[in-house]
Amino acid sequence: MDVKTVSPTSAQLNSATMTEQPISAATTQEASSAVATITVESERIPRVVELTDIVVPVPTDNFSANALQYDAVAINEYYSSRPLPVWRRRLSIVSKLASFGLNLWWDRQTGRLVKNQPARAEQLRKMLTQLGPAFIKIGQALSTRPDLVPPGYLEELAKLQDQLPPFPNKIAYQFIEEELGAHPNEIYAELSLEPVAAASLGQVYKGKLKTGETVAVKVQRPGLAESITLDVYILRRLAGWAQRNMKQVRSDLVAIADEFAARLFEEMDYTHEGHNAERFAELYGHLKDIYVPKIYWPYTGRRVLTMEWIDGTKLTNLESLSAQGIDASYLIELGVQCSLRQLLEHGFFHADPHPGNLMATRDGQLAYLDFGMMSEVKPYQRYGLIQAIVHLVNRDFEGLAHDYVKLEFLTPDTDLTPIIPALAGVFGNALGASVAELNFKSITDELSQVMYDYPFRVPAYYALIIRSLVTLEGIAINVDPNFKVLSKAYPYVAKRLLTDTSPELRSSLRDLLFKEGSFRWNRLENLLKNAKSSDDYDISQALNQALEFLFSERGDFIRDYLIDEIVKTLDTLSRQSFQNATSVVGEWFGLRVNKPAMTPAEEKNMEHFQRILGILQETKGFDPVKVASVLPQLILKPETQRMGKQIAGGLAQRALARLIRDVLLREEPIKSNGYNGSQQRALSLPAQRTK
């Protein structure tokens, strides 16, 4: 039988020797008999019959060997010539789904929909379990959505997270021996007789190393690669058919399927998962109350992962958390903040945060347990997402339409004219009275029709982001039905806008604060108020960064706007002070002095200014002494001196204009005396009027 060994580019392997252990077996004897050998450039490679034609370990840039890679071309070539297993699998999927759907239809017809709900929920769980890992992933996602799935189904689907049927210990022990080179008894001091949890891709034993550390030992399911590869092929073919034949589908469904499949293949490689865990710990393990377990590399291979054991409770087990005195809402908010940093700061994010992968530790920390399905967001995508949130919150729908172009939902040549009012209609309704009214379900529901009516395409990278956020929001809703992810997210976004020095976010900050030549104090007030709520917001650092940017070449445009606003504010304050002083002196001499009132715009600006000062004083880290210590350095800057001259000149001009208007010039109506309508004004000196 011919065997093709393929890399991600479908190229032949070079002369490096690699070992592929058996990954499909029903018993130990069957697993042993499944091993054969082939020769590739004079090297012997043990393999599983047929499966190695499409799935082989290949060296990658990140890992030296044994890293599974998804190759759509090779999988397509393999199964295109094998229609029998493909059609057998298709019929199995269709028959199970049709049987379940028929039962639901009959329950509805006979009025037993509610009565039979427990039985149907169990049937759905068993059906998804039988259909395999790809369908189990769907069930896991649904188990976190009380707003989408009836309550009777939630508890049953939650069993898909870690209560799936286990496979025999003999196979697990064989895999451990093959991966680690010794029998489990020689490696571990203790190992539980039965798995403590069984999930979609593997099962977990509790053990203890001979050095005394308590560990979790995860062993991969047999036949996993075969099952996933066949389902991925069928899913990809279905996506291609839909894309070609359904005009309303504009998104690249094939690319989305490929993205999901690539993550599944990475998840089948526990060595890759171990590296993911260490990278995750490096990026996010320092955050307050975030915990990432340690990986024990001498006891880890492609199908066996040994990591630190975590004693914890699921976030959805509210009664147990309450009994331990753990605040579930705090941990949910912690998860949201961590996810924001994953998506918008470093771009390396957990794409599968279902309740089985998030645990509350006994000391109230949030522990992440599974790092198989991870993904990345590129820098331009991260900045685009932040800008979209800013435009959404501030109802700048024209800016939001352009964000969709940057994020590759729309092509650059798309006419945005009809799309902008459509977005305004969608998000105007979804936002409601405030940011707190917005959740991802409302966005999805409102946006689906617009995406159908206009040429939107969902990029492949975005599908996993939505999956991650929707899953996390589902957990949050289970803890607090009124929880709104965006209202918790905006403080972080505000902090990034005020502290990030990237040109993209500086441009967003400018667009947010300045409009048509005027400074929007209310937007600055809102930003500062939200940023104050972010735990890691350092106002001293923000002030230093703001000043550094302000006096740089890139800050020229802000200095011009700022000078104008400072002149307006100082002029208003000085007039108020002068008028107050005049009023007091007038009262001493028994004179009545009329105090001109500020314009409504001036009153609003002064109110904002006073509230901003109050917010700054209440912000963690604000120190007037530190602020004062910066002033001497600022005064010496040439830009400051130029600004001072411009401010002084602006104040003088406004004072002179007011003097001419209020003292030297007076408007008087002229009695009709034969003049035409164009002669409506006369100038007179009020103190030396000639009779």
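Sequential numbering from 1 along the given sequence is applied to the chain's residues.
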- Task: Name all residues meeting the side-chain contact (heavy atoms from CB on, under 4.5 Å) criterion together with N185; count only those two or more places apart in sequence or in a different chain, and write none if there are none.
- Result: H183

- Distance only, no hydrogens: is a donor on one side chain within 3.5 Å (strictly under) of an acceptor on the other, for N169 and Y205? yes

- To the nearest 0.5 angstrom, please state how far the CD1 atom of I465 sits from the CD atom of Q342. 11.0 Å

- Query: Got a second to check how far L230's CG is from Y78's OH, nearest 0.5 Å?
  - Reply: 9.5 Å

- Item | Worked check of side chain to side chain donor-acceptor pair (under 3.5 Å) between Q324 and S320 | CA-CA 6 Å; Q324 298 174 63; S320 179; 3.1 Å; yes

- With a cut-off of 6.0 Å (strictly less than), are more than 12 heavy atoms of other residues, nucleotides or ligands near CH2 of W297? yes

- Query: Can you say whether the rings of Y153 and F100 are parallel (under 30°), tilted (30 to 60°) or perpendicular (over 60°)?
  - Reply: perpendicular

- Message: If I compare all heavy atoms of H350 with all of Y368, which pair ends up nearest, and what's the gap?
- Response: CD2-CD2, 3.8 Å

- Query: Under 4.5 Å between any side-chain heavy atoms of V254 and Q243, yes or no?
  - Reply: yes

- Item | Side chain proximity check, E77 to V73, heavy atoms < 4.5 angstrom | yes

- Item | Counterpart residues, side-chain contact (heavy atoms from CB on, under 4.5 Å), relative to K378 (two or more places apart) | Y380, Q381

- Task: Could you check if a side-chain atom of F260 sits within less than 4.5 angstrom of a side-chain atom of M373, using non-hydrogen atoms only?
- Result: yes

- Query: Do Q337 and Y492 have side-chain heavy atoms sitting under 4.5 Å apart?
  - Reply: yes

- Pick out which of E178, K170, E177 makes a side chain to side chain donor-acceptor pair (under 3.5 Å) with Q174. E178

Please tabulate, for the side chains in residues 125-135, all donor-acceptor contacts under 3.5 angstrom to protein atoms that are two or more places apart in sequence or on a different chain.
residue, atom, partner, partner atom, Å
R125, NE, E156, OE2, 2.4
R125, NH2, E156, OE2, 3.1
K126, NZ, E122, OE2, 3.1
T129, OG1, R125, O, 2.8

- Message: Testing the basics here: between G285 and V292, what is the closest heavy-atom pair and its distance to 0.1 Å?
- Response: CA-CG2, 4.4 Å

- What about H275 and F371, are their ring centers closer than 6.0 Å? no

- Could you tell me how the ring of Y299 sits relative to the ring of Y188: parallel (under 30°), tilted (30 to 60°) or perpendicular (over 60°)? tilted

- Task: Could you walk me through whether D258 and Y70 pass side chain to side chain donor-acceptor pair (under 3.5 Å), step by step?
- Result: CA-CA 8 Å; D258 284 342; Y70 169 66; 2.7 Å; yes

- Message: Let's go through E267 and R263 carefully: what are the C-alpha distance in whole Å and the side-chain angles of both, what is the deciding distance for salt bridge (Lys or Arg N to Asp or Glu O under 4.0 Å) to 0.1 Å, and is it a yes or a no?
- Response: CA-CA 6 Å; E267 198 171 0; R263 301 291 82 78; over 6 Å; no

- Query: Nearest 0.5 Å, what's the CH2-OG distance between W87 and S92?
  - Reply: 14.0 Å

- Task: Could you check if a side-chain atom of T313 sits within less than 4.5 angstrom of a side-chain atom of M359, using non-hydrogen atoms only?
- Result: no

- Note on the structure: Heavy-atom nearest pair, I176 first then P184, reads CG2-CG, 3.9 Å

- Item | Ion pair K294/E213, N-O distance below 4.0 Å | no

- Message: Can you confirm whether R90 sits close enough to I234 that some side-chain heavy atom of one is under 4.5 Å from a side-chain heavy atom of the other?
- Response: yes

- For M307 against P293, the heavy-atom pair lying closest together: CE-CG, 3.2 Å

- Query: At what distance, to the nearest 0.5 angstrom, does CZ of R302 lie from NE2 of H272?
  - Reply: 13.5 Å

- Message: Under the rule for side-chain contact (heavy atoms from CB on, under 4.5 Å), what residues qualify as partners of E190, not counting sequence neighbours?
- Response: K208

- For residues 271-283, pull every pair meeting salt bridge (Lys or Arg N to Asp or Glu O under 4.0 Å), keeping only residues two or more places apart or in separate chains. K218-E273, R279-E376

- Message: Would L385 and L344 count as a side-chain contact (heavy atoms from CB on, under 4.5 Å) here? Give the steps.
- Response: CA-CA 7 Å; L385 288 170; L344 304 179; 3.6 Å; yes

- Query: Given the rule in the side-chain contact (heavy atoms from CB on, under 4.5 Å) test, do V219 and R303 qualify, once you have shown the distances and angles that lead to the verdict?
  - Reply: CA-CA 6 Å; V219 186; R303 291 173 298 163; 5.8 Å; no

- Contact check, side chains of F349 and M374, non-hydrogen atoms, under 4.5 Å: no

- Message: I'd like to know if the side chain of Y296 pairs up with that of E308 as donor and acceptor (distance under 3.5 Å, no hydrogens or angles considered).
- Response: no

- Message: How close do V304 and F175 get, counting heavy atoms only, and between which atoms?
- Response: CG2-O, 3.9 Å

- Message: Just verifying a value: how many Å separate L340 CG and E345 CD, rounded to the nearest 0.5 Å?
- Response: 10.0 Å

- Message: How long is the straight-line distance from CG of L315 back to CD1 of I332, given to the nearest 0.5 Å?
- Response: 5.0 Å

- Sorted by first residue and then second, give each salt bridge (Lys or Arg N to Asp or Glu O under 4.0 Å) pair with at least one member in residues 317-334; sequence neighbours left out. E333-K488

- Item | Min side-chain heavy-atom separation S322-I326 under 4.5 Å | no

- Evaluate side chain to side chain donor-acceptor pair (under 3.5 Å) for D289 paired with Y330, printing each intermediate quantity in order. CA-CA 10 Å; D289 291 333; Y330 167 72; 2.5 Å; yes

- Task: Begin with the C-alpha distance, continue with both residues' side-chain angles, and end with the deciding distance and a verdict on side chain to side chain donor-acceptor pair (under 3.5 Å) for R120 and Q117.
- Result: CA-CA 5 Å; R120 294 291 169 252; Q117 193 175 84; over 6 Å; no

- Nearest atoms (heavy-atom pairs only) where L334 meets K288: CD1-O, 3.4 Å

- After noting the C-alpha distance and the side-chain angles of Y233 and D231, does the key distance pass the side-chain contact (heavy atoms from CB on, under 4.5 Å) rule? CA-CA 5 Å; Y233 171 77; D231 282 349; over 6 Å; no

